Amino acid sequence: MAKDLLARLHAAIAEHDVTYDEFQAAKQWLIDVGEAGEWPLFLDVFVEFAVERNAFRDRAGSPGTILGPFHLPGAPLLSAPFELPRRPDERGDRVVFSGRVTDAAGEPLDGAELDVWHADADGFYSGFAPSLPADILRGKVLTDADGRYEVRTVLPAPYTIPLDGPTGRLCSVAGWSPWRPAHVHLIVSAEGHEPLVTQLFLASSDHLATDIASATKEELIVHPEAQAGSDELVVTYDFALAPAAVSATV
Ligand SMILES: [Fe+2]
């Protein structure tokens with residue numbers, strides 16, 4: 001793999017007639033990415049989608065997509081009725097996500113866990129943006145005996161990757177849109193099943209066709225709907241989990 005990667009790089013150098021000045025500029029940019037601590041960002045934005053599509057190309061159940069750099073594993077396990085923690089004056093349309101978690105054959109999974117996190121109405125994540133309180137808009141919810149889940153929160157906004165570092169500079173120089181469409185992240189897990197890392201994308205969002213992380217999939221686009229007599233939007237989405245991979249035993 002490493003040898004192949006280098007051989008492809010060497011071929012690209014010849015194909016693009018790379019000069020010493022360009023090599024030195026690229027070398028400095030790679031050093032800058034490391035010094036800015038942006039390797040996780042760069043890899044999650046420009047590489048992870050290809051690994052996800054390859055690793056799970058034959059997996060049963062619902063489609064997944066990238067994890068991204070903003071997951072915090074220690075989010076609190078919430079109690080019913082499930083509602084992600086938020087500020088009293090949290091902006092964004094109120095929404096309830098609900099549906100079922102089943103196995104790949106459609107049998108409900110009791111006690112499946114949905115780890116949910118998303119950006120706020122300004123596109124910022126708690127735990128990463130100093131302007132936000134810790135732990136808001138993150139939490140874990142459980143399904144009931146019929147595999148049903150329900151979680152209340154607010155709709156997130158689209159956001160750009162950081163623009164002031166070397167990864168943002170690359171986008172600017174290359175003329176790439178730095179935006180991610182509005183989305184909610186989930187990891188859906190249940191004993192005996194493969195965890196499903198996924199995102200639900202809001203159909204009304206800009207940037208769906210130009211997601212800088214190449215993570216948007218048609219099957220993951222949801223349409224929040226108004227309901228009569230309520231100021232809360234509704235999204236219904238079911239998740240099906242593949243059976244846990246059987247590791248080779250002797
Ligand atoms: Fe995200």
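All values below come from the heavy atoms of this structure, side chains included, with hydrogens, waters and symmetry mates left out. All ligand and atom numbering here is 1-based and tracks the order in the structure. Please read these numbers as outputs of a predicted model, since none were measured by experiment.
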Students often mix this up, so state it plainly: with edges at 30° and 60°, are the rings of Y125 and F128 parallel, tilted or perpendicular? perpendicular
Between R169 and E38, is there a salt bridge with N-O shorter than 4.0 Å? no
For the Fe ion (ligand 1), check which protein N, O or S atoms are under 2.8 Å away and list them. Y125 OH, Y159 OH, H183 NE2, H185 NE2
According to side chain to side chain donor-acceptor pair (under 3.5 Å), who are the partners of D44, at least two apart in sequence or on a separate chain? none
Under the ring pair (Phe, Tyr, Trp, His ring centres under 6.0 Å) rule, collect the residues that match up with H183, sequence neighbours excluded. Y159, H185, F201
Would you call E232-R152 a salt bridge at under 4.0 Å N-O? yes
Go through the structure and list residues passing ring pair (Phe, Tyr, Trp, His ring centres under 6.0 Å) with F42, not counting sequence neighbours. W29, W39, F46
